[in-house]
Engineer: 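Below is one structure. I have some questions about it.
Residue numbers begin at 1 in each chain, while the letters A, B, ... track the order of the sequences. As a basis for the values below, the full set of heavy atoms in this structure was taken, side chains included, without hydrogen atoms, waters or symmetry mates.
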Protein chains: 2
Amino acid sequence: MSTMQEVANKAGVSKATVSRVLSGKGYVSKTTKDRVYKAIEDAGYRPNLLARNLATNKSQCIGLVVTNTLYNGNYFSELISQAAQKLEDHGRQLILVDGKHSAEEEQEAIQFLLDLQCDAVIIYPRFLTIDVMDDIIEQYKQPIMVVNRRLRKNQSQCICCDHKGASFNATKHLIEQGHRDIAFITGSLDSPTAIERLSGYKEALNQHHIEVQDKLIIKGKWTPASGAAAIESLLNNKVTFSAVLASNDDMAIGVIKKLTEVGIAIPTDVSIIGFDNIPTAPYLTPSLSSVKDPVSNMVSEVINRLISMLDGGYLSKNNLFTSELLVRDSVAYGPFWGK
Amino acid sequence: MSTMQEVANKAGVSKATVSRVLSGKGYVSKTTKDRVYKAIEDAGYRPNLLARNLATNKSQCIGLVVTNTLYNGNYFSELISQAAQKLEDHGRQLILVDGKHSAEEEQEAIQFLLDLQCDAVIIYPRFLTIDVMDDIIEQYKQPIMVVNRRLRKNQSQCICCDHKGASFNATKHLIEQGHRDIAFITGSLDSPTAIERLSGYKEALNQHHIEVQDKLIIKGKWTPASGAAAIESLLNNKVTFSAVLASNDDMAIGVIKKLTEVGIAIPTDVSIIGFDNIPTAPYLTPSLSSVKDPVSNMVSEVINRLISMLDGGYLSKNNLFTSELLVRDSVAYGPFWGK
DNA sequence: TTGTACGCGTTATCAT
DNA sequence: ATGATAACGCGTACAA
């Protein structure tokens with residue numbers, strides 16, 4: 001409301017002095033300091049951060065771009081709360097902006113944050129290609145980090161997860177349990193993550209000399225409804241399967257819902273594994289096994305690295321995080337893996 | 001990177017002309033316009049939003065403050081995605097900042113957004129008292145709207161929901177189903193919402209001349225774990241109950257988990273209702289009935305009203321939204337309400 | 001149609 | 001220890 005100049009007038013000093021008091025830099029006598037504090041109080045003065053950031057070329061803000069198509073999943077809250085917490089530890093503010101639902105809009109969101117002079121930007125891309133991101137990174141002076149994509153040129157600016165290996169291991173686990181007809185529900189195939197998970201599944205089958213059957217591979221769209229639809233199409237086509245690997249937990253939940261609806265006992269007849277497991281998942285899907293995606297670790301690492309670029313200090317070189325297969329003890333439905 | 005002045009030099013014109021080209025305001029000849037566009041392209045120019053906002057005293061940004069203790073619930077994603085979507089429709093950017101986990105920090109978050117000169121701020125408060133919020137609202141020139149709290153002084157700046165009435169109705173429904181011993185699990189009692197829901201429960205019992213039994217009222221903390229713990233203590237103390245009203249769905253999920261663990265058949269032996277139901281809930285808790293909290297409607301209304309204050313146009317006076325009891329058809333577990 | 005010059009609210013570099 | 005004053009990058013009356 002009131003400006004620094006007005007405070008200065010009230011206190012009978014100059015703008016410069018008020019600024020010194022506020023920043024704590026430079027000498028200023030005890031008495032005038034008190035006068036200034038009082039004037040600030042009286043005026044109800046608040047600094048205009050736009051002006052400050054413009055002058056200092058710093059903002060203490062770090063931007064995060066996420067597509068709103070992710071907002072509805074379990075994944076999102078984990079991502080956001082982790083990022084907010086971690087940045088809070090380093091005295092930074094997180095600014096989340098909506099990446100909306102296209103590559104263009106994701107790019108606009110990034111540029112908005114950069115134009116706002118955020119100190120750094122984190123991208124959790126969904127539609128943007130790595131080439132475009134590589135370009136953007138080189139175009140701007142602010143550090144930009146990409147989560148969950150393997151960049152081509154700026155490899156130190158990204159963190160990713162071995163989705164293929166994770167999927168391979170999950171499939172291998174099912175095979176070792178004796179399964180041969182394993183249905184696979186893909187994510188949206190315009191997503192690299194979905195592709196990697198599919199290829200891990202295929203590779204595991206190949207390595208165990210089990211034929212990859214096209215009819216066992218159904219396209220999903222990450223949502224519970226698409227998981228349910230996928231399993232329904234399998235049933236309608238009378239495809240035989242004894243296990244399901246769904247490309248994320250939401251779809252696995254849809255699968256469980258559909259199977260129970262038609263009277264198929266989950267643990268006895270079919271084994272199911274999902275992906276992306278987050279902390280609250282055990283409550284939502286008590287006996288669904290899942291491959292934990294290391295979001296938290298990745299976000300944490302990304303932020304550590306950004307802070308180190310801004311402040312100096314921390315350094316690490318871990319670019320690739322691994323997933324962990326969580327086989328849950330069954331609770332409500334009996335043992336999942338007991339054949 | 002490069003400034004408007006540099007673009008102007010490249011194009012052989014003045015800053016003002018570049019500015020005119022960018023804003024589309026004022027006359028500028030076709031030929032120079034083209035020269036300027038080319039210069040902008042060549043320079044890779046991007047406007048500095050800090051400077052622009054400082055000069056215009058507008059930002060096209062609307063801030064939202066939410067405690068990160070909410071980030072992990074289902075509620076949050078619904079809230080955020082709704083807000084982002086709605087603001088997108090009006091050409092505004094949503095900026096989410098972390099309200100962290102105390103009244104002071106919530107207040108700091110608000111002031112941060114205001115200091116950033118956001119055009120308006122939306123608060124979904126968790127710890128802040130209405131008195132403090134009333135003060136803040138009067139202190140700043142930017143419009144501030146509060147969701148889910150009934151302000152004392154600035155009643156037109158808030159939107160809320162009749163939690164008490166909703167809880168009353170849910171309880172009444174259980175009573176009409178023949179239940180007499182209805183356990184109630186509260187939310188964190190430092191939350192007004194939790195208090196209102198508790199009082200609705202009590203009032204419904206009173207109105208039906210059913211004694212309020214203290215041993216049936218257990219304190220929870222909104223989390224699934226606390227719901228499970230609550231039900232466990234009831235069982236340990238051999239308290240008789242035939243229905244459970246949990247103050248949110250997360251706790252209800254914990255209740256279901258615990259009951260199934262100890263071998264109590266949910267639908268046959270006990271009826272359960274939760275609160276806050278969000279769109280994806282049917283997949284998470286297929287047969288849990290729930291009282292739908294009208295978050296979407298409230299957020300939508302708040303944003304409509306803000307936009308109208310900023311742009312003019314829309315007007316509405318609906319300050320109080322009502323909840324709706326959703327009794328689900330059971331799917332996996334048999335009929336919930338069949339006694 | 002275009003250019004000049006000032007203001008936005010700070011910080012920071014000089015003198016004093 | 002304090003006060004002018006020049007940046008910061010942009011918008012905008014006003015003049016030309």
Engineer: Output every pair passing salt bridge (charged side-chain N to carboxylate O under 4.0 Å, His left out) with a member in residues 93-107 of chain B, not counting sequence neighbours, ordered by first then second residue.
Structural biologist: none
Engineer: Residues in side-chain contact (heavy atoms from CB on, under 4.5 Å) with A:D131, at least two apart?
Structural biologist: A:T129, A:R152
Engineer: Extract, from 5' to 3' on DNA chain C, the first and final nucleotides lying under 4.0 angstrom from some heavy atom of chain A.
Structural biologist: C:dG9 to C:dA12
Engineer: Between B:Q117 (CD) and D:dC10 (C1'), how many Å, whole number?
Structural biologist: 15 Å
Engineer: ring-ring contact (aromatic ring centres under 6.0 Å, His included): which pairs involve residues 111-151 of chain B, sequence neighbours left out?
Structural biologist: B:Y75-B:Y124
Engineer: Are side-chain heavy atoms of B:N48 and A:L54 found at a separation under 4.5 Å?
Structural biologist: yes
Engineer: Please examine the side chains of B:L87 and B:Q93, heavy atoms only from C-beta on, and report whether any two atoms are closer than 4.5 Å.
Structural biologist: no
Engineer: For residues 16-31 of chain B, which residue pairs qualify under salt bridge (charged side-chain N to carboxylate O under 4.0 Å, His left out), counting only residues two or more places apart or in two chains?
Structural biologist: B:K30-B:D34
Engineer: Starting at atom CE of B:M4, determine the distance to atom P of D:dG9, rounded to an integer number of angstrom.
Structural biologist: 12 Å
Engineer: Quick one: ring-ring contact (aromatic ring centres under 6.0 Å, His included) pairs with a partner in residues 16-67 of chain B, sequence neighbours left out?
Structural biologist: none
Engineer: When you measure from the side chain of B:S59 to the backbone of B:Q117, do you find a donor-acceptor pair of N or O atoms at a distance under 3.5 Å?
Structural biologist: yes
Engineer: Does some side-chain heavy atom of A:R92 sit less than 4.5 Å from a side-chain heavy atom of A:L306?
Structural biologist: no
Engineer: Is a donor on one side and an acceptor on the other found under 3.5 Å between the side chain of B:S2 and the backbone of B:A43?
Structural biologist: yes
Engineer: In whole Å, I'd like the distance from the CG atom of B:L50 to the P atom of D:dG11.
Structural biologist: 12 Å
Engineer: So, B:R305 and B:E301, do they make that salt bridge, N to O below 4.0 Å?
Structural biologist: yes
Engineer: Going by heavy atoms in the side chains, are B:Q82 and B:S300 under 4.5 Å from each other?
Structural biologist: yes
Engineer: Within this structure, what is the CG-to-C1' distance between B:L49 and D:dG11, rounded to whole angstrom?
Structural biologist: 14 Å
Engineer: If only side-chain N and O atoms of A:S29 are considered, is one of them under 4.0 Å from the OP1 or OP2 phosphate oxygen of D:dT2?
Structural biologist: yes
Engineer: Considering the terminal five base pairs at each end of the helix from C:dT1-D:dA16 to C:dT16-D:dA1, what angle separates the two local helix axes, rounded to 10°?
Structural biologist: 40°
Engineer: When the nearest nucleotide of DNA chain D is assigned to B:T17 and to A:S14 on a heavy-atom basis, which residue is associated with the more 5' position?
Structural biologist: A:S14
Engineer: The criterion is side-chain contact (heavy atoms from CB on, under 4.5 Å); which residues satisfy it with B:K153, sequence neighbours excluded?
Structural biologist: B:D134, B:D135, B:E138
Engineer: Shorter than 3.5 Å, N or O on both sides, protein versus nucleotides 6-8 of chain D: list them out with atom names.
Structural biologist:
none

Engineer: Counting only non-hydrogen atoms, which of residues 31-46 of chain B are less than 4.0 Å from DNA chain D?
Structural biologist: B:Y45, B:R46
Engineer: Sequence neighbours left out, what passes side-chain contact (heavy atoms from CB on, under 4.5 Å) with B:A194? Give chain and number order.
Structural biologist: B:L189, B:S191, B:W222
Engineer: Begin from the C-alpha positions of B:H163 and B:N148 and carry the test side-chain hydrogen bond (donor to acceptor under 3.5 Å, both in side chains) through to its verdict.
Structural biologist: CA-CA 9 Å; B:H163 294 302; B:N148 202 35; 2.7 Å; yes
Engineer: Check DNA chain C against residues 21-28 of chain B and give the residues with a non-hydrogen atom under 4.0 Å, in numerical order.
Structural biologist: B:Y27, B:V28
